[in-house]
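Numbers restart at 1 for each chain; the letters A, B, ... are given by sequence-line order, proteins then strands. Just so it is clear, the values below take in all heavy atoms, side chains as well, and ignore hydrogens, waters and symmetry mates. Predicted model only: the values in this text are computed from it and were never measured.
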Amino acid sequence: ETAVFQTPNYHVTQVGNEVSFNCKQTLGHDTMYWYKQDSKKLLKIMFSYNNKQLIVNETVPRRFSPQSSDKAHLNLRIKSVEPEDSAVYLCASSYAGAGQLYFGEGSKLTVL
Amino acid sequence: AQSVTQPDARVTVSEGASLQLRCKYSYSGTPYLFWYVQYPRQGLQLLLKYYSGDPVVQGVNGFEAEFSKSNSSFHLRKASVHWSDSAVYFCAGTQVVGQLTFGSGTRLQVYA
């Protein structure tokens, strides 16, 4: 049963455009995450965020930014996409202090 | 550096055969360890987790894993696989709760 919802599931765009992915969780969790999964299925954490702290993976380019209105939502904005941004972006949530994450189905980005 | 390694990129087994997917970890202490599964075009789903106690942990769909401190391993096992088990399996670990590090994944192909 899906409790972490991502939109859109697919997005095709051109280099230089701005893209946003939305994520909402209905589990009552207080921490949310964005992961990037490349074409080889490798997973890399981009951001983790709760009401108190944003942790940014230092390797994430500045054109990526998380946006949160409340603890149930964490969106991902890419200001000016580049070809290497083509990937699946996975949103997840958890309770702070818990190890188990709950994932959405992913948002696949293709940059032409 | 803290890491999780899955040495086998692909594993192919026949339906009904037993299965072991390997995972090695490198942490200074005892980490929290997880196995996740990703079916095509879906997010990751938790199979099982180890925090402490009995080194053999049971998961969903007949999967189990055994924690070994001496071998720094957390291998996943199943006594008899089904074709629907075909998916990508990820081992993950953390000592800082919520900051999961994923292995590179093992693609399991079950053939009839």
*Given a strict heavy-atom distance threshold of 4.5 Å, which part of Tyr10(A) is in contact with chain B: side chain, backbone, both, or neither?*
side chain

*Of the backbone (N, CA, C, O) and the side chain (C-beta and beyond), which part of Gln6(A) lies under 4.5 Å from a heavy atom of chain B, both, or neither?*
neither

Atom [atom1] of residue position [X] - does it have more than 12 heavy atoms of other residues, nucleotides or ligands inside 6.0 Å?
X: Phe67(B); atom1: CZ; answer: yes
X: Lys108(A); atom1: NZ; answer: no
X: Lys78(B); atom1: NZ; answer: yes
X: Gln14(A); atom1: CD; answer: no

_CA sep, side-chain torsions, deciding dist, call: Leu100(B), Tyr35(A), side-chain contact (heavy atoms from CB on, under 4.5 Å)_ = CA-CA 10 Å; Leu100(B) 279 183; Tyr35(A) 280 82; 3.7 Å; yes

State plainly whether one hydrophobic cluster holds both [X] and [Y], where clusters connect Ile, Leu, Val, Met, Phe, Trp and Tyr through side-chain heavy atoms under 4.5 angstrom apart.
X: Val60(B); Y: Trp35(B); value: yes
X: Phe63(B); Y: Tyr36(B); value: no
X: Leu54(A); Y: Val60(A); value: yes
X: Val88(B); Y: Val110(B); value: no

*How far apart are the closest heavy atoms of Gln37(A) and Phe90(B), and which atoms are they?*
NE2-CZ, 3.4 Å

*Report yes if some heavy atom in the side chain of Phe102(B) is under 4.5 Å from a heavy atom in the side chain of Lys41(A); otherwise report no.*
no

Would you list the atom pairs, donor with acceptor, under 3.5 Å between side chains in residues 4-11 of chain B and any protein atom, with sequence neighbours excluded?
residue : atom : partner   : partner atom : Å
Gln6(B) : OE1  : Cys91(B)  : N            : 2.9
Gln6(B) : OE1  : Gly105(B) : N            : 3.1
Gln6(B) : NE2  : Tyr89(B)  : O            : 2.9
Gln6(B) : NE2  : Thr106(B) : OG1          : 3.3
Asp8(B) : OD1  : Arg22(B)  : NH2          : 2.9
Asp8(B) : OD2  : Arg22(B)  : NE           : 2.9
Asp8(B) : OD2  : Arg22(B)  : NH2          : 3.4

*Hey, what do you get for CD (Gln100(A)) to OG1 (Thr94(B)), rounding to the nearest 0.5 Å?*
13.0 Å

*Could you list which of residues 37-46 of chain B have a heavy atom closer than 4.5 Å to any heavy atom of chain A, in residue-number order?*
Gln38(B), Arg41(B), Gln42(B), Gly43(B), Leu44(B), Leu46(B)

